[in-house]
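Notes follow the structure.
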Amino acid sequence: MTEQRIHAPRQVAASDLGELLLALETEFEVPGEFDAATLQAAQQAVDALPEPDADDTDLPFFTIDPPGATDLDQAMYLERAGAGYLVHYAIADVPAFVQLGGVLDAVSRERGQTFYLPQRKFTLYPPLISEDRGSLLPDVTRPAFHWRIALDADGALGRVRLTRSQIRSRRQLDYDTAQRRIDAGEDDEQLALLAEIGRARLVQERLRGGASLNLPDQEIVPESDGYKLVSRTPLPLEEFNAQISLLTGIAAARLMLTAGTGILRTMPPPDPRDLKAFRQQTRLLGRPWPEDTSYGEYLHALDLGDPRQLVIMHRAASLFRGADYQVIAGQPESELVQAALAAPYAHTTAPLRRLVDRFVLLTCHLLSTGQPMPGELEQALPGLPELMRASSAAANKVARAAVDLLEAYTLQHRLGKRFQAIVLTAAQGGAVAENGSGRPRPGLLQLVDEPVTGSFTGHADAGTLVTAELVEADPRTRRIHFEIVPRG
């Protein structure tokens, strides 16, 4: 499942926007620059980098990432193997640089993950590691965990082997370039195999009853009277690439469950009441969810180029709540499933950007090679869920504030305009006001033609389509408010 991000392109050059975005860093206490001791520890780790166990630099790995990316966690090389496939997936060997109990370990536990803001990112590890010596950049030799994952002709998971090695990526592709090559029918065996395996894994996902949600990125684009927030529809290749990452996370979960130790990414199934409300919203938006169609099949059939169906996808993402991390401790496997994927799953493939992946990779490698778990690793696992919960809450909070800010910024020049919207929650009367003042509690709506949510006052039932007039859009308070326009 990919993370939704929001981008403020360079052409949006308003100084007040830049100042407001910078102010978020202080308001939400985003981790700042690394101190001298941490930078020195990173340099020492690079200087003392051990020799890998093996050498796989003969394999022509390649990467696919957003344009300009420098923190490259994953590289792949794909092969046919009889009637099936063999996926070579290299993951940056961050543990080679980060000693358990050392300075870098302590700092990364405090941060938890990389924080992304529209103006810049705050990395989990010093840039020397996260964007240079630990990153799987092209044409340089790098340490990596090398996953070899066998698939049958239908894309079903088979034998898995994991080693620590060194690899050398040959190409760094971006999504747009790679998709154009596929669409143009260029003779690129690796991209053709990626599309073939990606489609097979999507079929496997639907057979399980799962659905990975590749939510569109949001971008600001200029208009004649201001700016507008639009969604960039994910390319098919992005979904295929995501399937390779999900495959590896599922393989890692299976390995740890078999051994009875490790840490998984879990998610409970949606509440039946939320599912009922979601079905009603799909009918109102003109794309009803048939009773005889699974959740995964329905979402995969949506056309994200249609604004109304895009709204459905955004609402689908809100069905699954309660994502968490759980240490394996003898629970039934049914309690350890990631419900949206309909399978046990582990965060595995982003160790440069997420703390828990480093520990999952270490655990899986030790299990796959029959080595004992060191005491430091066993002691660290129980504390990881709380560390990840805290960092995820902090990262999500500032990311949500950035989205609210940019939404208000793009709409501030459109006061008085009317929009079609779907009501997510109805406004409530004075007696239930949160502050006890007797004032009504606003409702919440989402615009149909733009990826924007906002509060509203006026009468409208949840799940209904309405016309709403924009009466407030203040970037400084990050508040957007509408009034419902009475019918007729």
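Please read all numbers here as calculations on a predicted model, not as lab measurements.
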Just wondering, more than 12 heavy atoms not from [X] lying within 6.0 Å of its [atom1]?
X      : atom1 : answer
Arg479 : CZ    : yes
Glu25  : CD    : yes
Gln371 : CD    : yes

Main-chain N/O of [Y] paired with [X] side-chain donor or acceptor, under 3.5 Å:
X      : Y      : result
Asp65  : Ala69  : no
Ser130 : Tyr125 : yes
Ser135 : Thr70  : yes
Thr282 : Trp289 : yes
Gln74  : Thr349 : yes
Ser245 : Ala242 : no
Ser294 : Glu297 : yes
Ser455 : Ile480 : yes
Arg208 : Ala343 : no
Asp56  : Leu59  : no

Using 0.5 Å steps for rounding, measure from the [atom1] atom of [X] to the [atom2] atom of [Y].
X      : Y      : atom1 : atom2 : result
Gln428 : Thr457 : CD    : OG1   : 13.5 Å
Arg148 : Ser368 : CZ    : OG    : 10.5 Å
Arg120 : Leu21  : CZ    : CG    : 11.0 Å
Phe61  : Leu78  : CZ    : CG    : 9.5 Å
Ile250 : Leu157 : CD1   : CG    : 7.5 Å
Met388 : Leu355 : CE    : CG    : 6.0 Å

Salt bridge present between [X] and [Y] (N-O < 4.0 angstrom):
X      : Y      : answer
Glu196 : Arg80  : yes
Asp93  : Arg142 : no
Arg400 : Glu407 : yes
Asp274 : Arg279 : no
Arg478 : Glu27  : yes
Arg354 : Asp357 : yes

Below 3.5 Å, can you tabulate the donor-acceptor pairs from side chains in residues 377-387 to any protein atom, sequence neighbours excluded?
residue	atom	partner	partner atom	Å
Glu386	OE1	Arg389	NH1	3.2

Excluding sequence neighbours, so at least two apart, what forms salt bridge (charged side-chain N to carboxylate O under 4.0 Å, His left out) with Glu79?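 Glu79 satisfies salt bridge (charged side-chain N to carboxylate O under 4.0 Å, His left out) with no other residue.
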
For [X], give me all partners under side-chain contact (heavy atoms from CB on, under 4.5 Å), at least two apart in sequence or on another chain.
X      : answer
Thr467 : Arg418, Val485
Ala421 : Leu445, Leu447, Val466
Ala339 : Pro269, Phe320
Ala323 : Arg265, Met267

Given side-chain contact (heavy atoms from CB on, under 4.5 Å), test Thr410 with Glu450 step by step and report yes or no. CA-CA 11 Å; Thr410 61; Glu450 298 179 40; 5.7 Å; no

What about Phe359 and His347, are their ring centers closer than 6.0 Å?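 Phe359 vs His347: aromatic centres not under 6.0 Å.
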
Does Leu361 form a side-chain contact (heavy atoms from CB on, under 4.5 Å) with Trp147? I'd like the steps, not just the answer. CA-CA 10 Å; Leu361 286 164; Trp147 293 81; 3.7 Å; yes

Sequence-distant partners of [X], side-chain hydrogen bond (donor to acceptor under 3.5 Å, both in side chains), two or more places apart:
X      : answer
Arg273 : Asp271
Gln446 : none
Tyr89  : none

Polar side chain donor-acceptor pair, Gln204 to Gln243, under 3.5 angstrom: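 Judged by distance alone, the side chains do not pair up.
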
Any donor-acceptor pair under 3.5 Å linking the side-chain atoms of Gln113 with those of Ser391?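 Short answer, yes.
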
Taking only residues two or more places apart in sequence, or in another chain, which ones meet Tyr85 in a ring-ring contact (aromatic ring centres under 6.0 Å, His included)?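 In terms of ring-ring contact (aromatic ring centres under 6.0 Å, His included), with neighbours along the sequence ignored, Tyr85 is linked to no residue.
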
Who passes ring-ring contact (aromatic ring centres under 6.0 Å, His included) against His481, sequence neighbours left out?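 Residues passing ring-ring contact (aromatic ring centres under 6.0 Å, His included) with His481: none at all.
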
Going by the angle between their ring planes, with limits at 30° and 60°, are Phe419 and Phe482 parallel, tilted or perpendicular?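 Because their plane-to-plane angle is over 60°, the rings of Phe419 and Phe482 count as perpendicular.
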
Please name the pair of heavy atoms, one in Thr114 and one in Leu352, separated by the smallest distance, quoted to 0.1 Å.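 In this case the closest contact between Thr114 and Leu352 is OG1-O, 3.9 Å.
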
Which atom pair, heavy atoms only, marks the closest approach of Gln309 to Ala301?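 Gln309 and Ala301 have their closest heavy atoms at OE1-O, 4.4 Å.
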
Note, [X] side chain near [Y] side chain (heavy atom, < 4.5 Å):
X      : Y      : answer
Leu264 : Gln338 : no
Val87  : Met76  : no
Leu302 : Arg287 : yes

Would Ile422 and Thr464 satisfy side-chain contact (heavy atoms from CB on, under 4.5 Å), going step by step from the backbone distance to the final call? CA-CA 6 Å; Ile422 183 170; Thr464 57; over 6 Å; no

Among Leu366, Leu367, Val327, Ile328, side-chain contact (heavy atoms from CB on, under 4.5 Å) partner for Thr261: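 Single pass found, and it is Leu367.
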
Determine, stepwise, if the pair Met373 / Thr363 fulfils side-chain contact (heavy atoms from CB on, under 4.5 Å). CA-CA 7 Å; Met373 295 269 286; Thr363 301; 4.0 Å; yes

I need the full list of ring pair (Phe, Tyr, Trp, His ring centres under 6.0 Å) pairs touching residues 371-399, with sequence neighbours left out, sorted by first then second residue.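 Output for this query is empty, none listed.
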
